Each structure stands twice: as C-alpha cells, then as structure tokens.
There are 2 protein chains.
Amino acid sequence: MTPVTAAERSDAARNRERLLLAARELIEHGGAASLTMDRLAEHAGVGKGTVFRRFGSRAGLMLTLLNDSEAAFQARFLFGPPPLGPGAAPLERLIAFGAERIAYVVEYGDLVLAAGNASRGRFEVPAAALWNRHVDMLLREGGIDSPEPGLLAGSLNATLDPERLLHLIREHGVTPERLTASWRDLVTRIVTDA
Amino acid sequence: MTPVTAAERSDAARNRERLLLAARELIEHGGAASLTMDRLAEHAGVGKGTVFRRFGSRAGLMLTLLNDSEAAFQARFLFGPPPLGPGAAPLERLIAFGAERIAYVVEYGDLVLAAGNASRGRFEVPAAALWNRHVDMLLREGGIDSPEPGLLAGSLNATLDPERLLHLIREHGVTPERLTASWRDLVTRIVTDA
DNA sequence: AATACAACCGGACTACGGTCCGTTTACTCT
DNA sequence: AGAGTAAACGGACCGTAGTCCGGTTGTATT
C-alpha cells in the first residue's frame with residue numbers, strides 16, 4: 001500500500017540514522033561546540049550535501065537532536081500531572097513551567113544554545129510559539145486584566161532565554177535555584193496583581 | 001609631553017578614521033548586513049588584519065559605530081530631564097526607559113543586531129551592565145520587596161532584547177507603540193505590587 | 001642624523017556553514 | 001526482468017569571520 005506522502009527511500013533512512021548516531025557520538029566526545037558539519041559528514045561516512053539536505057542547517061540538526069526531550073517537556077506541561085500539568089492553579093502552573101524550563105536549559109545547555117543560533121532567529125521555532133500560547137493561556141486563566149496577554153506572555157518567555165540563563169549561571173555563578181526563585185517572584189507579582 | 005598611556009601612533013589614528021568613515025559609507029549604501037570585513041578593508045584601503053586589530057571583531061566594530069548614540073542614550077537616562085532622567089517617580093522613569101530603548105532599537109535596528117552577535121554573548125557588553133544597574137536602582141527606589149532586585153532587573157531587561165523586539169516588529173507586524181504599551185503594563189504590574 | 005625598537009601593517013591562510021550540480025541509486029510500472 | 005524516473009548522493013566550491021607572522025614605519029633616544 002502506497003502512503004499518501006512519498007515514503008522515505010531506504011538509503012535516506014539509513015543515512016539519517018547514521019548521522020544522528022554519529023552526531024550523538026561526537027557530542028558525547030567533545031561537546032556540542034566540537035560538532036562541525038564537515039566532521040559529522042566524515043564521521044558518519046556520508047557527503048556533506050547529505051547532512052544539509054537532511055537537517056537544513058546546523059541549528060536544524062540540533063533541534064532534531066533535542067526533539068525527543070522537547071516533546072517530553074511539552075507533554076508534561078500539556079497533559080502531565082500537576083503542578084506543571086492541568087489541575088493546579090494557573091499561578092502554580094506558571095511557576096512550575098519556568099522551573100522546568102530552567103532545569104531543561106541547565107541539562108541540555110550547549111545543545112539548546114547551538115539550536116538557538118538558527119539562521120532566521122530563534123523565535124520561529126514552533127516550540128517557542130507553543131510556549132507563548134501556553135503562558136498566554138495560563139495568564140488568562142489567572143484572570144489578569146491586560147490589554148495584550150499575548151505580548152505579556154512573550155515578555156515572560158524572553159525572561160527564560162537560554163543564552164541569558166546560561167550566561168548568568170556560567171559566568172556569574174548564579175545558581176539555578178536563584179533563577180527559579182526569581183522567576184517565581186516575577187510571575188507572582190504579575191498574576192497576583194489583578 | 002608624554003602621555004601616561006602610550007599615545008596612539010599617527011598611522012593607526014589615520015587608519016581608524018578611514019575605517020570608521022568607510023564603514024558608515026558602506027552601511028549607508030547597502031545596510032549593515034552588506035558590510036563584510038573584507039569589503040570594509042578594501043574600501044578603506046587597509047589590510048584585513050588592521051581592521052581586526054582595531055575593532056577585535058565585527059561586533060566590536062558595530063559597537064564602536066553605535067558608541068555615540070549609546071552614550072547619548074545613557075546620558076539621557078542618567079542626567080537628562082524627567083521622566084527619563086532623575087526627578088520623576090521611579091515607575092515613570094522605568095516606563096520611559098523601556099520606551100526609549102524600544103525607540104532606539106527601532107532606529108538603529110540592523111546595527112544593534114550586528115553588534116549583538118558578539119563572540120562571547122551580548123551580555124558582556126558594558127552598556128548592558130549599566131542598564132541592569134539602572135533598572136535595579138529604579139526598582140529599589142520604587143520600594144519593591146524582592147529577594148533579588150538585581151535578577152529581576154535582568155529579567156526586565158531581557159524583555160527588551162533587540163532581536164526579539166525587531167522580530168515582533170518585522171515578522172509579526174507588531175507596532176512599537178504596542179510594545180511600549182506592553183512594557184508599561186509589565187513594569188506597572190511589578191512596581192505597583194508592593 | 002643615525003639607531004633601535006615597539007607598534008603597526010597587510011594579505012595569505014584556516015575553519016566553518018552553506019550551496020550547487022553532475023552522478024548514482026532505490027523504487028515503480030510494464 | 002528491464003527500463004524509466006524521481007529522489008538522494010557527494011564533494012568541489014563559495015563567502016565569511018577571524019588568525020598569523022614576516023616585513024614596514026612611526027617615534028623616542030642619543
């Protein structure tokens with residue numbers, strides 16, 4: 001039976017697996033920064049053109065690598081147990097959301113950074129739009145009286161920018177705990193206002 | 001009379017002037033994106049090495065180009081007339097600060113963007129530290145009761161990230177006025193809380 | 001004026017991300 | 001099985017930021 005969308009050719013599938021495997025190996029070995037597209041191609045035993053056709057760009061590759069954990073994160077705040085998932089009060093969910101994002105950034109640091117350096121900005125990423133809608137929804141549920149909750153949600157998310165968070169942690173010795181506390185402080189002020 | 005710090009050699013001074021002039025010309029002609037270090041060197045009639053010794057990096061060059069307007073901005077919020085400068089209520093000054101930053105980003109868009117892509121992040125910039133201290137001070141003056149006003153100030157400044165603002169304006173058609181209103185909304189909620 | 005030296009100069013060189021296009025290969029249809 | 005075709009392949013090629021080092025030049029000293 002022929003699929004509606006053309007099936008992936010077998011050599012393409014094989015090369016994709018090879019590339020992902022090689023990428024994880026290289027990153028495990030020398031960190032995300034050491035992964036260059038040339039090295040990846042060579043290590044995977046494919047041509048460079050193949051790498052770019054598969055992933056579009058270096059950032060696209062990183063995004064693919066993060067896909068699983070990102071999907072898991074999304075599932076947790078969309079469908080998971082409270083306080084992150086539905087069931088808890090909006091403010092509680094907001095606090096948990098930030099705390100989880102911070103933990104996520106800490107865990108996948110370099111990868112997230114490399115994924116952020118996309119050619120066309122780090123705001124086009126579908127995930128970013130989802131986070132915005134989520135925070136937006138929580139704000140509305142929290143009953144805030146803002147002219148533009150969408151923009152406010154975007155501002156709050158900007159606060160969690162990975163590059164900024166990692167900079168504070170790595171260069172200024174700020175602990176993730178303090179960042180989480182600061183996030184709690186921020187969103188609490190906003191939601192408990194009106 | 002010999003200066004305390006070694007004086008700049010005359011050829012160095014002459015080349016710096018040439019480079020800044022050439023850079024402004026190139027930008028005027030084709031926008032900041034069209035300014036490559038090779039073209040700049042050629043257009044200024046100097047070697048490429050000279051460009052990098054002078055400015056360190058492309059971002060450093062952009063920073064130098066922005067230096068005057070940045071200094072003017074700083075002077076305005078440090079010493080200028082209210083509501084941006086001293087004399088107005090902290091909340092008023094905070095609102096004005098964001099509004100001016102947004103206007104600044106709109107005016108110097110491409111340049112600010114290019115300056116932000118510094119090798120070691122866009123947070124090391126001395127100006128950023130100054131903005132943080134300024135917002136921090138205004139928050140304290142506003143009498144907020146936060147465990148870490150410094151981190152809160154950093155979060156607020158993250159909200160004004162040029163890349164984000166320009167993305168909203170250029171790709172999503174958000175007007176600077178709406179951004180300003182959103183900033184006012186945000187800081188008002190934070191300051192009028194406690 | 002000659003000398004010495006530190007600073008500066010220039011452009012060849014490297015590493016990297018990304019593109020292009022002629023060639024090869026897996027699937028499909030008869 | 002054999003032919004036809006669209007897709008995938010690979011690596012030469014390009015533009016760019018940034019580095020390096022042998023040669024040059026301005027400046028202070030005597």
Side-chain angles (χ1 to χ4, degrees), chain A residues 1-20 22-23 26-27 30-64 110 113-122, chain B residues 1-19 22-23 26-27 30-65 110 113-122:
Chain A
M1 128 183 175
T2 307
V4 177
T5 53
E8 185 180 41
R9 250 171 62 167
S10 60
D11 51 349
R14 187 202 50 199
N15 280 341
R16 197 189 51 226
E17 290 313 310
R18 274 193 198 174
L19 282 166
L20 288 175
L26 286 176
I27 286 173
S34 79
L35 186 155
T36 72
M37 301 305 257
D38 288 277
R39 263 206 276 276
L40 174 58
E42 190 193 6
H43 193 262
V46 305
K48 196 176 178 178
T50 302
V51 182
F52 279 89
R53 180 149 7 78
R54 276 280 96 70
F55 304 108
S57 67
R58 198 179 119 97
L61 167 67
M62 299 301 183
L63 245 22
T64 304
D110 292 330
L113 238 44
N117 284 69
S119 47
R120 212 49 185 167
R122 60 185 176 289
Chain B
M1 130 185 172
T2 306
V4 178
T5 54
E8 183 180 42
R9 250 171 62 167
S10 60
D11 52 349
R14 180 189 35 122
N15 279 341
R16 197 190 51 224
E17 289 314 309
R18 273 194 198 174
L19 282 166
L26 286 176
I27 287 173
S34 79
L35 187 157
T36 73
M37 300 306 257
D38 288 280
R39 261 206 278 274
L40 174 58
E42 190 192 6
H43 193 262
V46 305
K48 195 176 179 180
T50 302
V51 182
F52 278 90
R53 180 149 8 77
R54 277 279 98 69
F55 304 108
S57 67
R58 198 179 120 98
L61 167 67
M62 299 301 183
L63 246 21
T64 303
L65 253 20
D110 292 330
L113 236 44
N117 285 72
S119 46
R120 212 50 187 168
R122 62 185 176 287

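The sequence lines fix the lettering, A, B, ..., with proteins before strands; numbering per chain opens at 1. Note that the structure is predicted; figures quoted are calculated from it, not measured. No hydrogens, no waters, no symmetry mates; every other heavy atom, side chains included, goes into these values.
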Side chain to side chain contact (heavy atoms under 4.5 Å, CB included) partners for Ser34(B), two or more places apart: none
Qualifying residue for side chain to side chain contact (heavy atoms under 4.5 Å, CB included) with Arg54(A), from Thr64(A), Leu19(A), Leu61(A): Leu19(A)
Options dG11(C), dC9(D), dT19(C), nucleotide nearest the side-chain atoms of Lys48(A): dT19(C)
Short side-chain N/O contact from Asn15(A) to OP1 or OP2 of dC9(D), under 4.0 Å: yes
Heavy-atom donor-acceptor pair, Arg58(A) side chain to Ala115(A) backbone, under 3.5 Å: no
Position toward the 5' end of DNA chain D (nearest nucleotide), Gly49(B) or Ser10(B): Gly49(B)
Any Ser57(B) side-chain nitrogen or oxygen under 4.0 Å from OP1 or OP2 of dA17(D): no
Interatomic distance where CG belongs to Leu35(A) and P belongs to dG17(C) [whole Å]: 8 Å
Distance, rounded to the nearest Å, where Arg14(B) contributes CZ and dT27(D) contributes P: 10 Å
Leu26(A)/Thr36(A) under side chain to side chain contact (heavy atoms under 4.5 Å, CB included): CA gap, chis, key distance, verdict: CA-CA 9 Å; Leu26(A) 286 176; Thr36(A) 72; over 6 Å; no
Sidechain N-carboxylate O distance under 4.0 Å for Lys48(A), Glu42(A): no
Polar atom pairs between nucleotides 21-25 of chain D and protein, under 3.5 Å, N or O only, would you list them?
residue: dT25(D); atom: O2; partner: Arg9(B); partner atom: NH1; Å: 3.2
residue: dT25(D); atom: O2; partner: Arg9(B); partner atom: NH2; Å: 3.1

Contacting residues from residues 36-47 of chain B, given that a heavy atom lies under 4.0 angstrom of DNA chain D: Thr36(B), Met37(B), Arg39(B)
Non-hydrogen side-chain atoms of Met62(A) and Leu113(A) separated by less than 4.5 Å: no
Atom pair distance, as rounded to whole Å: CD in Glu8(A) and P in dA26(C): 14 Å
Arg14(B) side chain reached by Asp11(B) side chain, heavy atoms, under 4.5 Å: yes
Under 3.5 Å donor-acceptor, Arg16(A) side chain and Phe55(A) backbone: no
Phosphate OP1/OP2 of dC8(C): any Thr50(B) side-chain N/O under 4.0 Å: no
Touch class at under 4.0 angstrom, heavy-atom based, for Arg16(A) against every strand present: nothing
Non-hydrogen side-chain atoms of Ile27(B) and Leu65(B) separated by less than 4.5 Å: yes
Spacing between Arg54(A) atom CZ and dG18(C) atom P, to the nearest angstrom: 17 Å
Atom-to-atom span, CZ of Phe52(B) to P of dG18(D) - whole angstrom: 5 Å
